[in-house]
There are 2 protein chains.
Amino acid sequence: MQAPEGLNSRERILWAAATMLGEDAGSALSVRAVAARAGVSTGSLRHHFPRQRELIDAVLGRVYDVVLRDDTIGDTSVPARERLLTSVQRLLAPEGPEIDAREGWLSALDRYAKPDATPEAREEFLSIERELRRRVEVALKLLQDEGSLPPGDNERRARFLLTVVNGTSISQAFPAPGSRLQNEIDVLRIAVDCVFETKI
Amino acid sequence: MQAPEGLNSRERILWAAATMLGEDAGSALSVRAVAARAGVSTGSLRHHFPRQRELIDAVLGRVYDVVLRDDTIGDTSVPARERLLTSVQRLLAPEGPEIDAREGWLSALDRYAKPDATPEAREEFLSIERELRRRVEVALKLLQDEGSLPPGDNERRARFLLTVVNGTSISQAFPAPGSRLQNEIDVLRIAVDCVFETKI
DNA sequence: ACCTGAACACCGTTCAAGT
DNA sequence: ACCTGAACACCGTTCAAGT
């Protein structure tokens, strides 16, 4: 596979990395692999993205922009609590054609949580987490500006909510007998209530 | 540093790996580093531990034999909130200088979350989770009987707290730059506050 | 069986050199 | 500014060869 013509190097690199994210779990975003698919040298890649993490952050930022574009966090006809709940639920199971099940949080976890995972894989996981936390924080700020959420430390709140999402994803990974989905939504609801009701 | 004499190669390797776990997070367990400290060749290391994961599993298995026992949940001289916090913290990170909960959790996830994991392995993971949830529930009941915790659904509370613990363990597994431990305790504290302050 | 060390195929990063 | 490709210092794994 080769990058489409008419794109500058930076765009070709991002395109190459994005296509590789969609492929099977084994294909990590190595400098050489991305550079080859983009049709540029490793040096050029490094010129645009001095560290590997910057490349990964850039491509994930773009991918998540597409996936989470239609966020209904601003729909004031729905109670703020429900909107936040929907928002964090979405982090748990991203939908849409660009991201199939492989790219979901669970597979990311499965892919990166191995003891012998490379430091690069861990970096990639961390940048996904950063991106998600950023989005939760944006949602919280919106609700706060709107007056629906009491003033508080949104960075701390976001960290808390994302931790609960993480924990819920483990429950998803190991479905227990019984109505698991219900349990998971229930736990998320507790966390959202916590954000609204306790002083954080 | 060099491995103590009078140990066979396998033991020297495990000793070397164990000492490296105790050092700062940056020092990964690379084949060459462990072999060098153990005073053996990489080939010898590979003879005893054909894959890197087997080495890591082996050293963690040994290290995890040292686990917590004394639970101070009943010590009424300490505020109930602090006792619950300590209790759930303990689930997360069994203490001791040589223990690294991070790697332990990772290897657990790897063992049980793989697609080709046996049903027995998943069952084992689920039973560990059940056991932990049971412990949390017992702690909650104790605090409730004592009058420190408002009446509520302890089963639901326990499920919530364990989910947070799970999520926190992911954060531990992928330590972000900054004071990670502080952040994790902070998140647990929010969850414990939530249990005490909101109606669950 | 146990051990050696070279070799292989990767990795991220750096850098002198070109345009 | 943008790009090249070699070089450096790592990785885990394999393997013919020794004892």
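In what follows, chains are A, B, ... by sequence order, proteins preceding strands, each numbered from 1. Here the structure is a predicted model, which is why all the values come from computation and not from measurement.
If you check D/dT13, D/dA7, D/dC11 against the side chain of B/S30, the one that comes closest is D/dC11.
Once rounded to the nearest 0.5 Å, the distance linking CG of A/N154 with CZ of A/R133 reads 13.5 Å.
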Q.
As a check on the pairing definition, encode DNA chain C in dot-bracket form, counting Watson-Crick and G-U wobble pairs whose two distances are under 3.5 Å, and using | for partners outside this strand.
A. ||.|||||...|||||.||
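Under a 3.5 Å cut-off, the side chain of B/Q52 and the backbone N or O of B/L29 do form a donor-acceptor pair. Of the possible polar contacts, one joining the A/R83 side chain to the A/V78 backbone as a donor-acceptor pair under 3.5 Å is found.
Qualifying side chain to side chain donor-acceptor pair (under 3.5 Å) partners for B/E54, counting only residues two or more places apart in sequence or in other chains: none.
In terms of phosphate contacts, B/R51 brings a side-chain nitrogen or oxygen within less than 4.0 Å of OP1 or OP2 of D/dT14. B/H48 has a side-chain polar atom (N or O) that falls below the 4.0 Å cut-off from OP1 or OP2 of C/dC3.
Scanning both residues, B/A35 and B/L45, for their nearest heavy atoms gives N-CD1, 3.8 Å.
Atom CG of A/L29 is separated from atom P of C/dG12 by 9 Å (rounded to the nearest Å). At whole-Å resolution of the value, CD in B/Q52 and P in D/dC10 are 16 Å apart.
The existence of a salt bridge linking B/R159 and B/E155 is confirmed by a sub-4.0 Å separation between a basic side-chain nitrogen and an acidic carboxylate oxygen.
Between B/N8 and B/R32, the one whose closest nucleotide on DNA chain C sits nearer the 5' end is B/N8.
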For nucleotides 4-6 of chain C, which of its nitrogen or oxygen atoms have a protein nitrogen or oxygen under 3.5 Å away, and what is each distance?
{"from": "C/dT4", "atom 1": "OP2", "to": "B/S41", "atom 2": "N", "distance (Å)": "2.7"}
{"from": "C/dT4", "atom 1": "OP2", "to": "B/S41", "atom 2": "OG", "distance (Å)": "2.8"}
{"from": "C/dT4", "atom 1": "O5'", "to": "B/S41", "atom 2": "OG", "distance (Å)": "3.3"}

